Number of protein chains: 2
Amino acid sequence: MVTGRHETRERIVQAASELAWESGPGKLSLDAVAAKAGVSKGGLLYHFPSKAKLLEATVETFVEDYDRLLKEREAAHAQATTPVAQAFLDVFIDDVRCKRPPSSGILAALAEDPSFLNPIKRYDRALLDRIKADLGDTGLAMILYFVISGLKCNELLSLNVVRQDEIDSLTERLRALISE
Amino acid sequence: MVTGRHETRERIVQAASELAWESGPGKLSLDAVAAKAGVSKGGLLYHFPSKAKLLEATVETFVEDYDRLLKEREAAHAQATTPVAQAFLDVFIDDVRCKRPPSSGILAALAEDPSFLNPIKRYDRALLDRIKADLGDTGLAMILYFVISGLKCNELLSLNVVRQDEIDSLTERLRALISE
DNA sequence: TTGACAATACCGTCCAGACGGTACAGCTGT
DNA sequence: ACAGCTGTACCGTCTGGACGGTATTGTCAA
(Lines give C-alpha, C1' and ligand atoms only; values in the text may rest on other atoms or scores of the structure.)
Protein backbone atom coordinates (compact mmCIF):
# COMPACT_ATOMS: atom_id res chain seq x y z
CA MET A 1 0.00 0.00 0.00
CA VAL A 2 1.22 3.46 -0.85
CA THR A 3 1.13 5.68 2.20
CA GLY A 4 2.30 9.12 3.17
CA ARG A 5 4.97 9.64 5.75
CA HIS A 6 3.00 9.24 8.94
CA GLU A 7 -0.46 8.61 7.63
CA THR A 8 -0.56 5.06 8.92
CA ARG A 9 0.60 6.08 12.38
CA GLU A 10 -2.24 8.54 12.63
CA ARG A 11 -4.73 5.99 11.38
CA ILE A 12 -3.59 3.55 14.06
CA VAL A 13 -3.89 6.10 16.84
CA GLN A 14 -7.37 7.06 15.71
CA ALA A 15 -8.41 3.44 15.46
CA ALA A 16 -7.19 2.90 19.02
CA SER A 17 -9.25 5.84 20.27
CA GLU A 18 -12.39 4.68 18.52
CA LEU A 19 -11.98 1.12 19.70
CA ALA A 20 -11.48 2.23 23.28
CA TRP A 21 -14.85 3.91 23.04
CA GLU A 22 -16.60 1.01 21.36
CA SER A 23 -15.37 -1.90 23.39
CA GLY A 24 -14.44 -0.38 26.74
CA PRO A 25 -11.22 1.35 27.73
CA GLY A 26 -9.66 -1.69 29.32
CA LYS A 27 -10.38 -4.03 26.47
CA LEU A 28 -8.14 -2.48 23.88
CA SER A 29 -6.13 -5.19 22.14
CA LEU A 30 -3.43 -4.69 19.56
CA ASP A 31 -5.11 -7.22 17.29
CA ALA A 32 -8.32 -5.24 17.26
CA VAL A 33 -6.53 -1.94 16.73
CA ALA A 34 -4.55 -3.37 13.85
CA ALA A 35 -7.69 -4.75 12.24
CA LYS A 36 -9.56 -1.48 12.63
CA ALA A 37 -6.66 0.52 11.23
CA GLY A 38 -6.39 -1.81 8.24
CA VAL A 39 -2.90 -2.88 9.20
CA SER A 40 -1.44 -6.21 10.17
CA LYS A 41 -0.33 -6.73 13.70
CA GLY A 42 3.26 -6.81 12.56
CA GLY A 43 2.75 -3.48 10.89
CA LEU A 44 1.30 -1.99 14.01
CA LEU A 45 4.24 -3.18 16.05
CA TYR A 46 6.57 -1.64 13.51
CA HIS A 47 5.15 1.80 14.26
CA PHE A 48 4.58 1.26 17.98
CA PRO A 49 6.97 -1.31 19.39
CA SER A 50 4.73 -1.87 22.41
CA LYS A 51 1.24 -1.22 23.63
CA ALA A 52 2.66 1.34 26.03
CA LYS A 53 4.15 3.35 23.18
CA LEU A 54 0.85 3.33 21.35
CA LEU A 55 -1.06 4.63 24.36
CA GLU A 56 1.65 7.22 24.98
CA ALA A 57 1.24 8.46 21.44
CA THR A 58 -2.53 8.50 21.84
CA VAL A 59 -2.30 10.85 24.80
CA GLU A 60 0.26 13.05 23.09
CA THR A 61 -1.89 13.29 19.98
CA PHE A 62 -4.85 14.24 22.15
CA VAL A 63 -2.92 17.09 23.75
CA GLU A 64 -1.53 18.29 20.43
CA ASP A 65 -4.95 18.30 18.79
CA TYR A 66 -6.42 20.23 21.67
CA ASP A 67 -3.58 22.72 21.61
CA ARG A 68 -4.09 23.33 17.92
CA LEU A 69 -7.80 24.06 18.40
CA LEU A 70 -7.09 26.35 21.33
CA LYS A 71 -4.47 28.32 19.41
CA GLU A 72 -6.87 28.78 16.51
CA ARG A 73 -9.53 30.16 18.80
CA GLU A 74 -7.04 32.35 20.59
CA ALA A 75 -6.05 33.92 17.30
CA ALA A 76 -9.72 34.65 16.61
CA HIS A 77 -9.95 36.51 19.92
CA ALA A 78 -6.63 38.30 19.51
CA GLN A 79 -8.16 41.73 19.98
CA ALA A 80 -10.23 40.78 23.05
CA THR A 81 -9.13 41.49 26.60
CA THR A 82 -9.29 37.84 27.66
CA PRO A 83 -8.41 35.77 24.58
CA VAL A 84 -7.28 32.64 26.43
CA ALA A 85 -10.37 32.34 28.60
CA GLN A 86 -12.65 33.03 25.64
CA ALA A 87 -10.84 30.46 23.51
CA PHE A 88 -10.95 27.92 26.34
CA LEU A 89 -14.72 28.25 26.49
CA ASP A 90 -15.06 28.22 22.71
CA VAL A 91 -13.19 24.97 22.31
CA PHE A 92 -15.33 23.25 24.92
CA ILE A 93 -18.55 24.50 23.34
CA ASP A 94 -17.43 23.31 19.92
CA ASP A 95 -16.56 19.98 21.43
CA VAL A 96 -20.01 19.29 22.81
CA ARG A 97 -21.71 20.78 19.76
CA CYS A 98 -19.86 18.41 17.46
CA LYS A 99 -21.35 15.51 19.43
CA ARG A 100 -18.30 13.47 18.62
CA PRO A 101 -17.70 10.50 20.90
CA PRO A 102 -15.50 11.31 23.87
CA SER A 103 -11.79 10.81 23.36
CA SER A 104 -11.61 7.49 25.11
CA GLY A 105 -8.05 6.95 24.03
CA ILE A 106 -6.99 8.62 27.23
CA LEU A 107 -9.20 6.29 29.23
CA ALA A 108 -7.48 3.34 27.64
CA ALA A 109 -4.14 4.88 28.59
CA LEU A 110 -5.40 5.47 32.11
CA ALA A 111 -6.54 1.87 32.40
CA GLU A 112 -3.09 0.66 31.45
CA ASP A 113 -1.15 3.04 33.67
CA PRO A 114 -2.27 6.32 35.23
CA SER A 115 1.13 7.89 34.66
CA PHE A 116 0.44 7.97 30.94
CA LEU A 117 -1.69 11.01 31.68
CA ASN A 118 1.32 13.06 32.75
CA PRO A 119 1.44 15.07 29.50
CA ILE A 120 -2.12 16.18 30.15
CA LYS A 121 -1.21 17.08 33.68
CA ARG A 122 1.63 19.31 32.51
CA TYR A 123 -0.39 20.87 29.74
CA ASP A 124 -3.38 21.62 31.94
CA ARG A 125 -1.30 23.13 34.72
CA ALA A 126 0.22 25.53 32.19
CA LEU A 127 -3.20 26.22 30.70
CA LEU A 128 -4.68 27.04 34.09
CA ASP A 129 -1.86 29.49 34.72
CA ARG A 130 -2.47 31.14 31.38
CA ILE A 131 -6.17 31.52 32.14
CA LYS A 132 -5.26 33.03 35.50
CA ALA A 133 -2.95 35.57 33.90
CA ASP A 134 -5.53 36.27 31.22
CA LEU A 135 -8.40 37.00 33.60
CA GLY A 136 -6.45 38.66 36.36
CA ASP A 137 -8.88 37.13 38.85
CA THR A 138 -7.37 33.87 40.13
CA GLY A 139 -10.59 32.67 41.72
CA LEU A 140 -12.63 33.27 38.62
CA ALA A 141 -10.00 31.51 36.52
CA MET A 142 -10.23 28.45 38.71
CA ILE A 143 -14.00 28.45 38.61
CA LEU A 144 -13.93 28.64 34.82
CA TYR A 145 -11.29 25.96 34.53
CA PHE A 146 -12.92 23.53 36.94
CA VAL A 147 -16.47 23.97 35.72
CA ILE A 148 -15.29 23.09 32.23
CA SER A 149 -13.15 20.32 33.66
CA GLY A 150 -16.17 18.92 35.45
CA LEU A 151 -18.25 19.07 32.31
CA LYS A 152 -15.52 17.37 30.32
CA CYS A 153 -15.22 14.66 32.94
CA ASN A 154 -18.95 14.18 32.80
CA GLU A 155 -18.63 13.62 29.07
CA LEU A 156 -15.50 11.50 29.30
CA LEU A 157 -17.12 9.08 31.73
CA SER A 158 -20.39 9.18 29.76
CA LEU A 159 -22.23 10.12 32.92
CA ASN A 160 -24.57 12.43 31.01
CA VAL A 161 -25.72 14.05 34.20
CA VAL A 162 -26.79 17.25 32.46
CA ARG A 163 -28.96 17.97 29.45
CA GLN A 164 -27.73 20.01 26.53
CA ASP A 165 -29.86 23.04 27.42
CA GLU A 166 -28.38 23.04 30.92
CA ILE A 167 -24.90 23.02 29.46
CA ASP A 168 -25.85 25.91 27.21
CA SER A 169 -27.15 28.08 30.02
CA LEU A 170 -24.11 27.26 32.14
CA THR A 171 -21.64 28.19 29.41
CA GLU A 172 -23.55 31.39 28.76
CA ARG A 173 -23.26 32.29 32.40
CA LEU A 174 -19.54 31.61 32.30
CA ARG A 175 -19.25 33.73 29.17
CA ALA A 176 -20.92 36.60 31.00
CA LEU A 177 -18.60 36.17 33.98
CA ILE A 178 -15.42 36.41 31.92
CA SER A 179 -16.66 39.20 29.67
CA GLU A 180 -17.35 41.69 32.44
CA MET B 1 -11.08 -17.38 60.40
CA VAL B 2 -13.94 -15.85 62.32
CA THR B 3 -15.89 -13.45 60.18
CA GLY B 4 -19.12 -11.53 60.45
CA ARG B 5 -21.85 -11.93 57.93
CA HIS B 6 -20.67 -9.55 55.28
CA GLU B 7 -17.29 -8.60 56.58
CA THR B 8 -15.48 -10.67 53.98
CA ARG B 9 -17.49 -9.14 51.16
CA GLU B 10 -16.46 -5.68 52.30
CA ARG B 11 -12.84 -6.71 52.62
CA ILE B 12 -12.87 -8.04 49.07
CA VAL B 13 -14.40 -4.85 47.69
CA GLN B 14 -11.86 -2.73 49.50
CA ALA B 15 -9.00 -4.91 48.32
CA ALA B 16 -10.24 -4.49 44.77
CA SER B 17 -10.29 -0.72 45.14
CA GLU B 18 -6.81 -0.58 46.59
CA LEU B 19 -5.40 -2.91 43.97
CA ALA B 20 -6.95 -0.85 41.20
CA TRP B 21 -5.03 2.11 42.56
CA GLU B 22 -1.76 0.26 43.02
CA SER B 23 -1.50 -1.64 39.80
CA GLY B 24 -3.58 0.35 37.35
CA PRO B 25 -7.34 0.23 36.88
CA GLY B 26 -7.20 -2.12 33.91
CA LYS B 27 -4.92 -4.65 35.54
CA LEU B 28 -7.26 -5.87 38.20
CA SER B 29 -7.23 -9.66 38.34
CA LEU B 30 -9.38 -11.85 40.53
CA ASP B 31 -6.31 -13.76 41.69
CA ALA B 32 -4.69 -10.58 42.94
CA VAL B 33 -7.86 -9.36 44.64
CA ALA B 34 -8.32 -12.65 46.41
CA ALA B 35 -4.72 -12.64 47.61
CA LYS B 36 -4.96 -9.05 48.84
CA ALA B 37 -8.23 -9.71 50.65
CA GLY B 38 -6.77 -12.78 52.33
CA VAL B 39 -9.30 -15.03 50.66
CA SER B 40 -8.91 -17.92 48.28
CA LYS B 41 -10.06 -17.48 44.73
CA GLY B 42 -12.82 -19.96 45.37
CA GLY B 43 -13.91 -17.88 48.33
CA LEU B 44 -13.97 -14.74 46.24
CA LEU B 45 -16.08 -16.43 43.61
CA TYR B 46 -18.40 -17.61 46.33
CA HIS B 47 -19.22 -14.00 47.19
CA PHE B 48 -19.01 -12.58 43.67
CA PRO B 49 -19.79 -15.19 41.02
CA SER B 50 -18.12 -13.08 38.35
CA LYS B 51 -15.77 -10.17 37.93
CA ALA B 52 -18.67 -8.09 36.68
CA LYS B 53 -20.57 -8.63 39.92
CA LEU B 54 -17.53 -7.60 41.93
CA LEU B 55 -17.11 -4.36 40.02
CA GLU B 56 -20.81 -3.68 40.23
CA ALA B 57 -20.64 -4.05 44.00
CA THR B 58 -17.59 -1.79 44.08
CA VAL B 59 -19.48 1.03 42.40
CA GLU B 60 -22.55 0.50 44.57
CA THR B 61 -20.45 0.55 47.71
CA PHE B 62 -18.84 3.76 46.55
CA VAL B 63 -22.20 5.45 46.06
CA GLU B 64 -23.55 4.16 49.39
CA ASP B 65 -20.50 5.36 51.29
CA TYR B 66 -20.76 8.78 49.71
CA ASP B 67 -24.45 8.98 50.45
CA ARG B 68 -23.86 8.15 54.09
CA LEU B 69 -21.27 10.92 54.43
CA LEU B 70 -23.52 13.41 52.68
CA LYS B 71 -26.49 12.60 54.89
CA GLU B 72 -24.35 13.03 58.00
CA ARG B 73 -23.29 16.47 56.88
CA GLU B 74 -26.77 17.40 55.86
CA ALA B 75 -27.99 16.61 59.35
CA ALA B 76 -25.29 18.88 60.76
CA HIS B 77 -26.57 21.74 58.59
CA ALA B 78 -30.22 21.00 59.28
CA GLN B 79 -30.93 24.52 60.51
CA ALA B 80 -29.14 26.26 57.64
CA THR B 81 -30.94 27.66 54.59
CA THR B 82 -28.92 25.57 52.14
CA PRO B 83 -28.08 22.30 53.90
CA VAL B 84 -27.55 20.19 50.79
CA ALA B 85 -25.14 22.60 49.13
CA GLN B 86 -23.23 23.10 52.36
CA ALA B 87 -23.01 19.36 52.96
CA PHE B 88 -21.92 18.77 49.37
CA LEU B 89 -19.02 21.15 49.86
CA ASP B 90 -18.20 19.72 53.27
CA VAL B 91 -17.90 16.17 52.01
CA PHE B 92 -15.55 17.23 49.25
CA ILE B 93 -13.36 19.23 51.61
CA ASP B 94 -13.17 16.31 54.02
CA ASP B 95 -12.27 14.07 51.14
CA VAL B 96 -9.22 16.04 50.08
CA ARG B 97 -8.21 16.74 53.67
CA CYS B 98 -8.13 13.02 54.44
CA LYS B 99 -5.58 12.61 51.65
CA ARG B 100 -6.83 9.10 51.10
CA PRO B 101 -5.99 7.58 47.73
CA PRO B 102 -8.65 8.20 45.11
CA SER B 103 -11.36 5.61 44.89
CA SER B 104 -9.97 3.82 41.87
CA GLY B 105 -12.47 1.02 42.15
CA ILE B 106 -14.72 3.00 39.89
CA LEU B 107 -11.90 3.38 37.38
CA ALA B 108 -11.51 -0.39 37.33
CA ALA B 109 -15.24 -0.69 36.71
CA LEU B 110 -15.01 1.92 33.98
CA ALA B 111 -12.16 0.06 32.33
CA GLU B 112 -14.22 -3.11 32.22
CA ASP B 113 -17.43 -1.54 31.01
CA PRO B 114 -18.51 2.12 31.14
CA SER B 115 -22.09 1.15 31.88
CA PHE B 116 -21.03 0.03 35.35
CA LEU B 117 -21.04 3.72 36.22
CA ASN B 118 -24.79 4.00 35.73
CA PRO B 119 -25.53 4.01 39.47
CA ILE B 120 -23.27 7.04 39.84
CA LYS B 121 -25.02 8.69 36.94
CA ARG B 122 -28.41 8.24 38.55
CA TYR B 123 -27.21 9.31 41.97
CA ASP B 124 -25.46 12.41 40.68
CA ARG B 125 -28.39 13.51 38.57
CA ALA B 126 -30.62 13.37 41.63
CA LEU B 127 -27.96 15.12 43.71
CA LEU B 128 -27.67 17.95 41.20
CA ASP B 129 -31.42 18.42 41.30
CA ARG B 130 -31.36 18.53 45.07
CA ILE B 131 -28.64 21.18 45.03
CA LYS B 132 -30.68 23.18 42.54
CA ALA B 133 -33.76 23.05 44.74
CA ASP B 134 -31.65 23.85 47.76
CA LEU B 135 -30.02 26.96 46.33
CA GLY B 136 -32.93 28.23 44.27
CA ASP B 137 -30.41 29.54 41.73
CA THR B 138 -30.04 26.88 39.02
CA GLY B 139 -26.94 28.47 37.50
CA LEU B 140 -25.18 28.72 40.83
CA ALA B 141 -26.06 25.12 41.62
CA MET B 142 -24.51 23.96 38.38
CA ILE B 143 -21.39 26.01 38.98
CA LEU B 144 -21.03 24.51 42.44
CA TYR B 145 -21.70 20.99 41.23
CA PHE B 146 -19.34 21.14 38.27
CA VAL B 147 -16.49 22.91 40.02
CA ILE B 148 -16.50 20.15 42.62
CA SER B 149 -16.96 17.59 39.89
CA GLY B 150 -13.93 18.99 38.08
CA LEU B 151 -11.87 18.92 41.25
CA LYS B 152 -12.91 15.33 41.96
CA CYS B 153 -12.03 14.33 38.43
CA ASN B 154 -8.67 15.96 38.87
CA GLU B 155 -8.13 13.80 41.93
CA LEU B 156 -9.58 10.66 40.41
CA LEU B 157 -7.24 10.83 37.43
CA SER B 158 -4.34 11.86 39.67
CA LEU B 159 -3.77 14.89 37.49
CA ASN B 160 -2.84 17.04 40.48
CA VAL B 161 -3.21 20.20 38.46
CA VAL B 162 -3.85 22.36 41.51
CA ARG B 163 -2.06 22.81 44.80
CA GLN B 164 -3.80 22.39 48.13
CA ASP B 165 -3.83 26.13 48.88
CA GLU B 166 -5.52 26.78 45.54
CA ILE B 167 -8.20 24.24 46.37
CA ASP B 168 -8.69 25.90 49.74
CA SER B 169 -9.19 29.36 48.30
CA LEU B 170 -11.52 27.99 45.64
CA THR B 171 -13.70 26.15 48.15
CA GLU B 172 -13.79 29.26 50.35
CA ARG B 173 -15.03 31.27 47.42
CA LEU B 174 -17.70 28.66 46.71
CA ARG B 175 -18.69 28.72 50.36
CA ALA B 176 -19.16 32.47 50.15
CA LEU B 177 -21.22 32.14 47.00
CA ILE B 178 -23.69 29.71 48.52
CA SER B 179 -23.92 31.47 51.88
CA GLU B 180 -25.13 34.79 50.53
C1' DT C 1 23.09 4.88 -15.71
C1' DT C 2 23.34 1.38 -13.10
C1' DG C 3 24.01 -1.98 -9.68
C1' DA C 4 24.79 -2.80 -4.64
C1' DC C 5 23.09 -1.95 -0.55
C1' DA C 6 20.21 -0.12 3.13
C1' DA C 7 16.28 1.86 5.27
C1' DT C 8 11.34 1.95 5.52
C1' DA C 9 6.98 -0.06 5.84
C1' DC C 10 4.81 -3.48 6.37
C1' DC C 11 2.83 -9.05 6.53
C1' DG C 12 1.80 -13.59 8.79
C1' DT C 13 2.83 -16.83 12.15
C1' DC C 14 3.78 -18.50 16.50
C1' DC C 15 4.02 -18.82 21.54
C1' DA C 16 4.38 -18.48 26.58
C1' DG C 17 1.73 -16.74 29.92
C1' DA C 18 -2.18 -14.66 32.13
C1' DC C 19 -6.91 -14.50 32.79
C1' DG C 20 -11.87 -15.60 33.98
C1' DG C 21 -14.33 -19.19 35.27
C1' DT C 22 -15.62 -24.22 36.65
C1' DA C 23 -15.61 -28.16 39.47
C1' DC C 24 -15.16 -30.39 43.46
C1' DA C 25 -13.49 -32.40 47.66
C1' DG C 26 -12.51 -31.12 52.27
C1' DC C 27 -12.36 -28.34 56.64
C1' DT C 28 -14.51 -25.72 60.51
C1' DG C 29 -17.05 -22.83 63.73
C1' DT C 30 -21.91 -22.40 65.10
C1' DA D 1 -26.40 -29.99 59.64
C1' DC D 2 -24.87 -26.35 57.20
C1' DA D 3 -23.10 -21.93 55.73
C1' DG D 4 -18.88 -20.22 54.71
C1' DC D 5 -15.24 -20.86 53.26
C1' DT D 6 -10.13 -23.25 51.56
C1' DG D 7 -7.20 -25.48 48.13
C1' DT D 8 -6.25 -27.63 44.03
C1' DA D 9 -6.72 -28.85 39.53
C1' DC D 10 -8.06 -27.67 35.31
C1' DC D 11 -9.99 -25.56 30.73
C1' DG D 12 -10.54 -22.45 26.81
C1' DT D 13 -9.55 -18.07 25.36
C1' DC D 14 -7.10 -14.10 24.59
C1' DT D 15 -3.00 -11.12 24.55
C1' DG D 16 1.42 -8.86 24.04
C1' DG D 17 5.11 -9.38 21.70
C1' DA D 18 8.98 -11.77 19.25
C1' DC D 19 10.45 -13.19 14.84
C1' DG D 20 11.45 -13.93 10.10
C1' DG D 21 10.18 -12.65 5.81
C1' DT D 22 8.89 -9.35 1.77
C1' DA D 23 8.10 -5.41 -1.21
C1' DT D 24 9.05 -0.75 -2.11
C1' DT D 25 11.75 3.26 -2.04
C1' DG D 26 15.99 5.89 -1.40
C1' DT D 27 21.16 6.54 -1.55
C1' DC D 28 25.36 6.60 -3.61
C1' DA D 29 29.71 5.09 -5.50
C1' DA D 30 31.65 3.40 -9.92
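Quick note on labels: first sequence line is chain A, next is B, and so on, each numbered from 1. Quick caveat: nothing in here was measured; it's all calculated off a predicted structure.
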Parallel, tilted or perpendicular: ring planes of B:Tyr145 versus B:Phe88, cut at 30 and 60 degrees: parallel
ILVMFWY cluster, B:Phe116 and B:Leu157 together (side-chain gap under 4.5 Å): no
Same apolar cluster (I L V M F W Y, side chains within < 4.5 Å links), A:Leu170/A:Ile131: yes
Candidates D:dG7, C:dA9, D:dA3 - which lies nearest the side chain of B:Ser40: D:dG7
Between protein and nucleic acid, restricted to nucleotides 21-26 of chain C and to nitrogen or oxygen atoms under 3.5 Å apart, what atom pairs and distances do you find?
| from | atom 1 | to | atom 2 | distance (Å) |
| --- | --- | --- | --- | --- |
| C:dG21 | OP2 | B:Lys51 | N | 2.7 |
| C:dG21 | N7 | B:Lys41 | NZ | 2.9 |
| C:dG21 | O6 | B:Lys41 | NZ | 3.2 |

B:Gln14 atom CD, over 12 foreign heavy atoms within 6.0 Å: no
To the nearest Å, how far apart are [X] [atom1] and [N] [atom2]?
{"X": "A:Arg11", "N": "C:dC10", "atom1": "CZ", "atom2": "C1'", "result": "11 Å"}
{"X": "B:Leu44", "N": "C:dC19", "atom1": "CG", "atom2": "C1'", "result": "14 Å"}
{"X": "B:Phe48", "N": "C:dG20", "atom1": "CZ", "atom2": "P", "result": "15 Å"}
{"X": "B:Glu7", "N": "D:dC5", "atom1": "CD", "atom2": "C1'", "result": "13 Å"}
{"X": "B:Leu54", "N": "C:dG20", "atom1": "CG", "atom2": "C1'", "result": "12 Å"}
{"X": "B:Asp31", "N": "D:dC11", "atom1": "CG", "atom2": "P", "result": "17 Å"}

Sugar-phosphate only, base, or nothing, as touched by A:Leu28 at under 4.0 Å among non-hydrogen atoms: sugar-phosphate
Does a side-chain N or O from [X] land closer than 4.0 Å to OP1 or OP2 of [N], or not?
{"X": "A:Tyr46", "N": "C:dC10", "answer": "no"}
{"X": "A:Thr8", "N": "C:dC10", "answer": "yes"}
{"X": "A:His47", "N": "C:dA9", "answer": "no"}

Side-chain donor/acceptor of A:Ser179 to backbone N/O of A:Ala176, under 3.5 Å: no
Under 3.5 Å donor-acceptor, B:Ser29 side chain and B:Ala32 backbone: yes
Most 5' of B:Val39 and A:Glu112 on DNA chain D, judged by nearest nucleotide: B:Val39
Spacing of A:Arg97 atom CZ and A:Asp90 atom CG [to the nearest 0.5 Å]: 11.0 Å
